[in-house]
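Notes for the one structure printed next.
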Amino acid sequence: MVNSNVEALGIIFPNSHDSLVPELVGERLMASIPFAGRYRMIDFVLSSMVNSGIGNVSIVVRKNYHSLMDHLGSGREWDLTRKNGGLNIFPPYAEKSIKVYNGRIEALVTVLDFLRSQKEKYVVMSDADIAGNFDFRAMIEAHRKSGADITAAYTQEELPAAAMAAREESQDLYYTFNVNDEGRITGMEINSKEAGITNFGLNIYVVEREFLIQQISYAYTHGYVNFERDILLRQLDKLNVQGFRYDGYIVQITGLKGYFDENMRLLDDENLNALFSPSPIYTKIRDDNPTRYITGAKVENIMAADGCVIEGEVENSVLFRGVKVAKGAKVKNCVLMQDTVIEAGANVEYLVTDKNVVITEGKEVKGTDTFPVYVAKHQVV
């Protein structure tokens with residue numbers, strides 16, 4: 001699977017933007033949020049790194065990481081079980097030098113000794129709140145050709161209203177870039193409210209490893225915390241910071257409503273194909289039977305993962321692994337996570353259930369398009 005022929009290692013920050021989805025991260029982190037029926041958010045950036053020939057990937061976790069470690073295991077599904085490189089997970093307190101971090105600078109400080117001991121020339125850094133099919137090889141090559149100090153990925157899109165509202169409430173930061181005709185980033189704005197098409201930062205960066213070590217060491221000794229604000233923005237006039245425009249299909253989780261919407265968008269075959277091509281997305285395997293449609297079941301426009309059993313009616317919905325919809329139950333415009341059970345005669349609409357939820361016989365639970373109802377893990381309604 002992995003053809004490690006690029007001089008780059010990957011670093012993923014799985015806790016970034018947890019504050020945007022407090023409902024979904026009570027017992028997990030952003031990276032392990034289930035998405036698209038059988039995947040987790042981290043599967044997309046991790047698979048993209050592997051498909052781009054990056055065979056040395058480190059994950060610097062902050063809290064609530066047990067579900068992520070269970071999902072990733074040894075990294076076998078991504079062909080990252082190896083003596084040299086492979087998958088490395090850095091939980092806080094694993095060593096004396098590692099602690100709970102606040103920003104990306106502190107996170108990188110905790111792994112500076114590791115970075116110094118590596119041999120790859122470049123570092124690819126990414127958060128885990130986005131899903132796409134990235135070609136990191138092309139981004140690394142663009143970085144090399146431009147002679148940039150840092151290359152930042154961005155998309156050209158209108159700022160989603162939901163993203164701006166979510167960031168406002170959580171005080172989480174997002175960035176927009178001014179990019180000149182030569183591709184150089186000449187300006188940055190934090191939490192912009194600008195209307196129209198903007199250059200929206202994806203929090204994905206390529207930088208030379210030695211240069212990164214130098215910048216992080218300097219920033220930490222000066223009390224800096226935020227990579228974008230305290231390193232990029234402060235030095236735009238003297239660093240060559242290049243932009244790399246990503247034109248592919250992109251998912252960004254900005255809140256519970258955004259999570260619901262992004263799952264529902266994948267019911268459109270065009271979006272689904274765009275997300276899962278041209279390269280495969282790998283995930284933890286769960287050996288299960290194919291979905292069974294029992295005589296009398298009615299389904300229309302659904303995505304159903306393996307292990308589901310459908311006896312009732314399901315329309316415009318995403319069903320994760322092991323979901324059961326009993327006879328006489330009606331499910332419409334819902335996202336039902338793993339092992340959710342909708343009992344006989346229940347009627348649910350605009351509902352997001354976490355794992356192992358039971359909607360009991362005859363119950364009616366309905367949200368709206370603008371306000372889907374969320375039921376937490378292991379709850380019985």
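Between the side chains of Glu349 and Asn347, no donor-acceptor pair of N or O atoms lies under 3.5 Å. Asn84 and Asn56 form no side-chain donor-acceptor contact under 3.5 Å, judged by distance and modelled atom types alone. Looking at Tyr374 and Asp354, their side chains do bring a donor and an acceptor atom within 3.5 Å of each other. Asn180 and Thr186 share no side-chain donor-acceptor pair at under 3.5 Å. Side chains of Asn199 and Gln156: a donor-acceptor N/O pair is present below 3.5 angstrom, by distance only. If you check the side chains of Glu228 and Tyr205, you find a donor sitting under 3.5 Å from an acceptor. For the residue pair Thr340/Thr353, the side-chain donor-acceptor check at 3.5 Å is satisfied.
For Ser67, the side-chain hydrogen bond (donor to acceptor under 3.5 Å, both in side chains) test picks out Ser32, with sequence neighbours left out. In terms of the side-chain hydrogen bond (donor to acceptor under 3.5 Å, both in side chains) criterion, residue partners of Lys284 (sequence neighbours excluded) are, by chain and number, Asp70. The side-chain hydrogen bond (donor to acceptor under 3.5 Å, both in side chains) check on Arg40 picks up nothing, with sequence neighbours excluded. Residues satisfying the salt bridge (Lys or Arg N to Asp or Glu O under 4.0 Å) criterion with Asp230, sequence neighbours excluded, are Arg234. Applying the side-chain hydrogen bond (donor to acceptor under 3.5 Å, both in side chains) rule to Thr370 yields the partners Thr368; only residues at least two apart in sequence or on another chain are considered.
Of the possible polar contacts, one joining the Asn191 side chain to the Tyr174 backbone as a donor-acceptor pair under 3.5 Å is found. Side-chain atoms of Asn133 come within 3.5 Å of backbone atoms of Leu275 as a donor-acceptor pair (strictly under, hydrogens ignored). Formation of a donor-acceptor pair under 3.5 Å by the Tyr293 side chain with backbone atoms of Gly296 is not found in this model. Checking side-chain atoms of Asn15 against main-chain N and O of Val61 turns up no donor-acceptor pair under 3.5 Å.
The salt bridge (Lys or Arg N to Asp or Glu O under 4.0 Å) pairs that include a residue from residues 316-344 are Arg286-Asp339, Asp306-Arg321, where partners are two or more places apart or lie in different chains.
The closest side-chain heavy-atom distance from Leu115 to Leu9 is below 4.5 Å. Side-chain contact between Asn333 and Asp369 is absent, with no heavy atoms from C-beta onward closer than 4.5 Å. No side-chain heavy atom of Phe134 sits under 4.5 Å from any side-chain heavy atom of Asn51. With contacts defined as side-chain heavy-atom distances shorter than 4.5 Å, the pair Glu270/Tyr249 does not qualify. Side-chain atoms of Leu80 and Leu46, non-hydrogen and from C-beta on, do get closer than 4.5 Å to each other.
Checked options Val251, Val352, Val335; the residue passing with Asn263 is Val335 (criterion: side-chain contact (heavy atoms from CB on, under 4.5 Å)).
Side-chain rings of Tyr39 and Phe276 approach one another, their centers coming within less than 6.0 Å. Aromatic ring centres of Phe35 and Phe320 lie farther apart than the 6.0 Å criterion allows.
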*When you look at Arg265 and Asp261, which way does the salt bridge (charged side-chain N to carboxylate O under 4.0 Å, His left out) test go after all the steps?*
CA-CA 6 Å; Arg265 283 175 66 194; Asp261 290 342; over 6 Å; no
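Both Tyr282 and Ile54 belong to a common hydrophobic cluster when Ile, Leu, Val, Met, Phe, Trp and Tyr are linked at side-chain heavy-atom distances under 4.5 angstrom.
Taking 4.0 Å as the cut-off between side-chain N and carboxylate O, Asp288 and Arg38 do not count as a salt-bridged pair.
Around CZ of Phe371, the count of heavy atoms belonging to other residues, nucleotides or ligands within 6.0 Å does not exceed 12.
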